[in-house]
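Everything on this sheet refers to the single structure shown next.
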Amino acid sequence: MVVLELEESSLLLDEKLLRFMDQLELLEEKRAALNSLIEQGWFSMSKARYSMGNKRVSALQYASEIEPLVCVHARTLENGEVDFCTERSKQKARDEAGKEARSIEDIGPQEEGVRRRNKPKNDIPEKKEGEEASSEKAPEVTPIRRIIELSAEIATLQTAILNSRQELKQCRKDKPILQEVSATRLEKLTD
């Protein structure tokens with residue numbers, strides 16, 4: 001009976017440790033994905049600044065009052081864990097006259113179609129078959145809200161890891177006490 005309780009305690013501790021390690025591994029993967037998305041954002045900003053100029057892409061182009069498009073909510077679950085979730089706001093920007101303002105994507109030239117730059121024929125390098133196949137692949141397009149959702153997932157996972165860590169510490173404190181109790185019970189049984 002005493003040995004059975006000690007085995008159950010050890011199995012429970014092992015299970016919590018494995019769950020903790022899985023959570024740490026998942027956190028590392030999500031942080032790597034977040035860093036990759038942030039890096040892509042910086043790269044896109046630098047490409048925009050290169051093509052449009054430093055003065056055209058900066059914080060000066062933002063409105064003086066910005067309304068959030070996505071809100072992050074924190075809620076406490078029944079088991080005490082905190083869950084972060086994202087919600088897209090359905091507010092539309094309006095100007096002072098009450099008319100709907102154009103979004104940032106609508107501002108600029110309204111021409112349809114693609115322009116083709118004229119290049120001298122001697123500057124155009126010939127493409128090989130392998131290069132054509134690689135250029136046909138579309139670049140990866142990340143969802144608009146992916147970085148915000150990923151940040152919320154990381155925050156939820158971090159709180160779960162902190163809770164798991166506290167549970168592990170408590171189990172590690174309880175195990176020696178259980179071992180002492182089982183040792184004293186075994187001594188009483190042998191006497």
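Below, each value reflects all heavy atoms present in this structure, side chains not excepted, and no hydrogens, waters or symmetry copies.
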| query | How far apart are the closest heavy atoms of Ile38 and Ile147, and which atoms are they? | reply | CG1-CD1, 3.5 Å
| task | Would you name the heavy atoms of Thr156 and Val82 that are closest together and state the gap between them? | result | CG2-O, 3.8 Å
| Going by atom types only, do Asn35 and Glu39 share a side-chain donor-acceptor pair under 3.5 Å? | no
| remark: Looking only at heavy atoms, the pair that brings Leu34 and Leu150 closest together is N-CD2, 3.4 Å
| query | Once you round to the nearest 0.5 Å, how far does CD of Glu25 lie from CZ of Phe20? | reply | 13.0 Å
| request: May I ask you to decide whether Glu153 forms a salt bridge with Arg31, counting only side-chain N to carboxylate O separations under 4.0 Å? | output: no
| query | Shortest non-hydrogen contact from Gln23 to Leu157? | reply | O-CD2, 3.8 Å
| How far apart are the closest heavy atoms of Thr86 and Ala152, and which atoms are they? | CG2-CB, 4.0 Å
| request: Could you tell me whether Arg49 atom CZ has more than 12 heavy atoms of other residues or ligands within 6.0 Å of it? | output: yes
| Heavy-atom side-chain contact between Val70 and Glu87 under 4.5 Å | no
| query | Are Leu24 and Leu162 in one and the same hydrophobic cluster, where Ile, Leu, Val, Met, Phe, Trp and Tyr link if side-chain heavy atoms are under 4.5 Å apart? | reply | no
| field | Test item: Gln158 and Leu27 side chains (from C-beta on) under 4.5 Å apart, heavy atoms | value | yes
| said: Nearest 0.5 Å, please: how far is CD1 in Ile161 from CG in Leu168? | reply: 11.5 Å
| message | Just verifying a value: how many Å separate Gln40 CD and Phe43 CZ, rounded to the nearest 0.5 Å? | response | 10.0 Å
| query | Measuring from Leu26:CG to Met21:CE, what's the distance to the nearest 0.5 Å? | reply | 13.5 Å
| request: Would you confirm whether Arg75, through its side chain, and Asp83, through its main-chain N or O, come within 3.5 Å as a donor-acceptor pair? | output: no
Under 3.5 Å, sequence neighbours excluded: what are the donor-acceptor pairs made by side chains of residues 9-19?
residue, atom, partner, partner atom, Å
Ser10, OG, Leu6, O, 3.1
Ser10, OG, Lys175, NZ, 3.1
Arg19, NH2, Glu167, OE1, 2.7

| message | Under the criterion side-chain contact (heavy atoms from CB on, under 4.5 Å), I'd like the reasoning laid out for Thr159 against Phe84: C-alpha separation, chi angles, the key distance, then a yes or no. | response | CA-CA 10 Å; Thr159 52; Phe84 296 90; 4.3 Å; yes
